[in-house]
Amino acid sequence: MAALEEEFTLSSVVLSTGPDGLLGVEQSDKTDQFLVTDSSRTVVLYKVSDQKPLGSWSVKQGQVITSPAVCNFQTGEYIVVHDNKVLRIWNNEDVNLDKVFKATLSAEVYRILSIQGTEPVVLFKEGAVRSLEALLAEPQQKIETVISDEEVIKWTKFFMVFRHPLLIFITEKHGNYFAYVQMFNSRILSKYTLLLGQEEKSIVQSFTASADRKFISLMSLSSDGCVYESLIPVHPSDAEENQRVVRSVLLKTVVSGSARNGVALTVLDQDHVAVLGPSMSTSKECLSIWNIKFQTLQSSKELPQGTSGQLRRRKIEVNSQQEVPASEQLLLTIKKDSEKHIEVELRKFLAAKRTPDFHTQIGDIVTELLGRRKAEPSFYPRNCLMQLIQTHVLSYSLCPDLMEVAIEKTDVQLLQLCLHQFPDIPESITCTCLKIFLSIDDDSLHETDINMESVFDHSHTAQVEKREGQTEILQNGFTAEGNNHSNCEQELHEKPQDTAEESSCPVIPKRAALLNAVLHSAYSETFLLPHLKDIPAQHITLFLQYLYFLYLKCSENATMTLPGIHPPTLNQIMDWICLLLDANFTVVVMIPEAKRLLINLYKFVKSQICVYSELNKIEVSFRELQKLNQEKNNRGLYSIEVLELF
């Protein structure tokens, strides 16, 4: 259980009498040393273990520190900004700040931010961000305006997301709040409007944030005493547009709603937050730890001397006794929480380091999700199921109910993913998927997000084919010269009956991607044939038309392959044509719509037989040439030979 240890006094800090009091407490490059900045002129370095200050630095009379001092973890130096634009850099040996390095910037600084693993960055009041190194190279460089007029920065945080630095800052304008996310590896700045939910409009008093591989969890403590959460994507779908995120209630009434100053919030771990502010019962200043998952107060301690409204986050520790494994915690969450909360917790679980029993854990999680689905028909956590399938550790035999649920919901996106990932899908399920892919209407497919890697846009090739139809066709190196040709040679030069319909794809691209997933799936011909007979004749005809179209595209180039990242192979196309005809020939031959298709397939097969026949004829000549080459081994350094074939 999380608990607070006994408090101790770091040191007595003499603060200015200004309205802001303590300006900031930041960690130094040593784990037990902290930089304390007041809102007037002084920066003090304290050592926790010795309970005493190690150094003190002040700016001159008339100058005011406007941004808390921070440590450059790469160099061990300290950085501070006074009078909004003047940047100072010094180290432990320096005594007088007036004599240390100075750089005057061209715009006012909101804050300097520094963390382990990367160089410090400077956030300007107008929203622009610069690395410290870039600023020192050209201090008077022009700083652009990012935020709009009357928009004011309220809070910011700088942290690492899987070795990549990320900066988030919050602005406020006329009671509306906006979040800006700066990704330094891609130099993308994204803006989000923080929308309120059903709660009344309230003033946000404190922010905190944590991040995983995909989302930033932005938490806010509002004047109504509640903690809210907004999920912001780390990788935005559209960085140019002003996107919107909705706040949802995370904790209800953690502090007194009458509080106006001195409140703070910070994340301890994925399940706990620390809150500083007046308690609901006594209205006295209180430091408390709340369990997000169970919505309970974990530990609390009154602070009779009051606070500055800032939480020293690295020294607040959560002691876990008999900690429940992450997988078991997730299983408990699945039993009772909402789909959104389950999705967030699953994302955190998958981002953690994998253990040796990861395969078993994933199987248990899927089983628990599907078990709740059976108990609650309205519960369908498709996003969670898709995340689990993409771990590449599942198979059909491990979770057979998964595809059954997807078939029941006609979830073609999930079925496509299963066909790509599962190596052991029964032929009956594969055939059921094929029925769904052929029968679902185009309007439904247009609204569905489907993986299109296996599909190449052939629309531009139709015009090329029309132009080729007006000129002489060259096939396999033969041209029509004279009338002394055998019937077989004439077949080689005859183009099958192509129409505008047959030269264009008979299905829309998204249906083609689904059908390609079926073509890639493993099967046994013996077990698949009986199930293919149950597919309606018009759907069989449509599938054959699509396969014939793919065959035409394969025949356009010498490699006999389709373009794209993961297209069907010629063997897969031909095998499925044969399977469909074997299972349904007596039905298809009776359908008038399939007559032209069958004639064209017949002509293509016949032309290929002619090609192989011609190749067999010249095979003997090649063998004779090989014999001649073997006999003439005594050549000089240079020779010219003429070989005639009759």
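No experiment lies behind these values; they were computed from the predicted model shown.
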(request) Check whether more than 12 heavy atoms from other residues, nucleotides or ligands sit under 6.0 Å from atom CD of Gln141, and answer yes or no. (result) yes
(message) Pair Val121, Phe184 - check side chain to side chain contact (heavy atoms under 4.5 Å, CB included), show working.
(response) CA-CA 10 Å; Val121 297; Phe184 288 88; 3.9 Å; yes
(request) Using the side chain to side chain contact (heavy atoms under 4.5 Å, CB included) rule, pick out the option among Asn72, Val70, Asn92 that qualifies with Tyr78. (result) Asn92
(message) Minimum heavy-atom separation for Cys384 and Leu369, please, with both atom names.
(response) CB-CD1, 4.1 Å
(request) Taking all non-hydrogen atoms of both residues into account, name the closest pair between Arg247 and Ser222 and its distance. (result) NH1-OG, 3.2 Å
(message) The test is side chain to side chain contact (heavy atoms under 4.5 Å, CB included); show your working for Lys409 and Arg373 and say whether it passes.
(response) CA-CA 12 Å; Lys409 300 290 289 186; Arg373 157 71 186 170; 3.7 Å; yes
(request) Among Thr42, Val80, Leu45, Asn96, find the one that has a side chain to side chain contact (heavy atoms under 4.5 Å, CB included) with Trp57. (result) Leu45
(message) Determine whether a donor-acceptor pair (N or O, by modelled atom type, separation under 3.5 Å) exists between the side chain of Asp357 and the backbone of Thr360.
(response) no
(message) With a 4.0 Å cut-off on N to O distance, would you call Lys340 and Glu343 a salt bridge?
(response) no
(message) Quiz question: by atom type and distance under 3.5 Å, do the side chains of Arg354 and Gln361 form a donor-acceptor pair?
(response) no
(request) Work out which heavy atom in Leu166 is nearest to a heavy atom in Phe158; give both atom names and the distance. (result) O-CD1, 3.3 Å
(message) side-chain hydrogen bond (donor to acceptor under 3.5 Å, both in side chains), that's the test. Do Ser217 and Glu229 meet it? Break it down for me.
(response) CA-CA 7 Å; Ser217 174; Glu229 181 188 39; 2.6 Å; yes
(request) Return the minimal non-hydrogen interatomic distance between Pro120 and Ser114, and the atom names on each side. (result) CG-OG, 3.8 Å
(message) Between Thr171 and Glu151, is there a side-chain donor-acceptor contact under 3.5 Å, judged purely by atom types and distance?
(response) yes
(message) Looking at every heavy atom in both Val245 and Leu231, which two are closest together, and how far apart are they?
(response) CG1-O, 3.5 Å
(request) Look up atom NZ in Lys154 and atom OH in Tyr110, then write down how far apart they are to the nearest 0.5 Å. (result) 8.5 Å
(request) Let me see the working for Asp83 and Gln63 under side-chain hydrogen bond (donor to acceptor under 3.5 Å, both in side chains), right down to the final yes or no. (result) CA-CA 6 Å; Asp83 301 307; Gln63 297 175 340; 4.5 Å; no
(message) Looking at Asp149 and Lys173, is any side-chain nitrogen of the basic one under 4.0 Å from a carboxylate oxygen of the acidic one?
(response) no
(message) Closer than 3.5 angstrom, by distance alone: can the side chain of Ser28 be matched with the main-chain N or O of Gln33 as a donor-acceptor pair?
(response) no
(message) Whether Arg130 and Glu144 form a salt bridge (side-chain N of Lys/Arg under 4.0 Å from carboxylate O of Asp/Glu) is what I want to check.
(response) yes
(message) Check whether Phe169 forms a cation-pi arrangement with Lys157 (NZ or CZ under 6.0 Å from the six-membered ring centre, at most 45° off the ring normal).
(response) no
(request) For the pair Glu26 and Arg111, find out whether any cationic side-chain nitrogen is under 4.0 Å from an anionic carboxylate oxygen. (result) yes
(request) Determine, step by step, whether Lys85 and Ser106 satisfy the side-chain hydrogen bond (donor to acceptor under 3.5 Å, both in side chains) criterion, reporting the C-alpha distance in whole Å, the side-chain angles of both residues, the deciding distance to 0.1 Å, and the verdict. (result) CA-CA 7 Å; Lys85 292 185 178 182; Ser106 61; over 6 Å; no
(request) Answer yes when Asp94 and Lys99 have at least one side-chain N-carboxylate O distance shorter than 4.0 Å, and no when they do not. (result) no
(message) If I compare all heavy atoms of Ile143 with all of Ala128, which pair ends up nearest, and what's the gap?
(response) CG2-CB, 3.5 Å
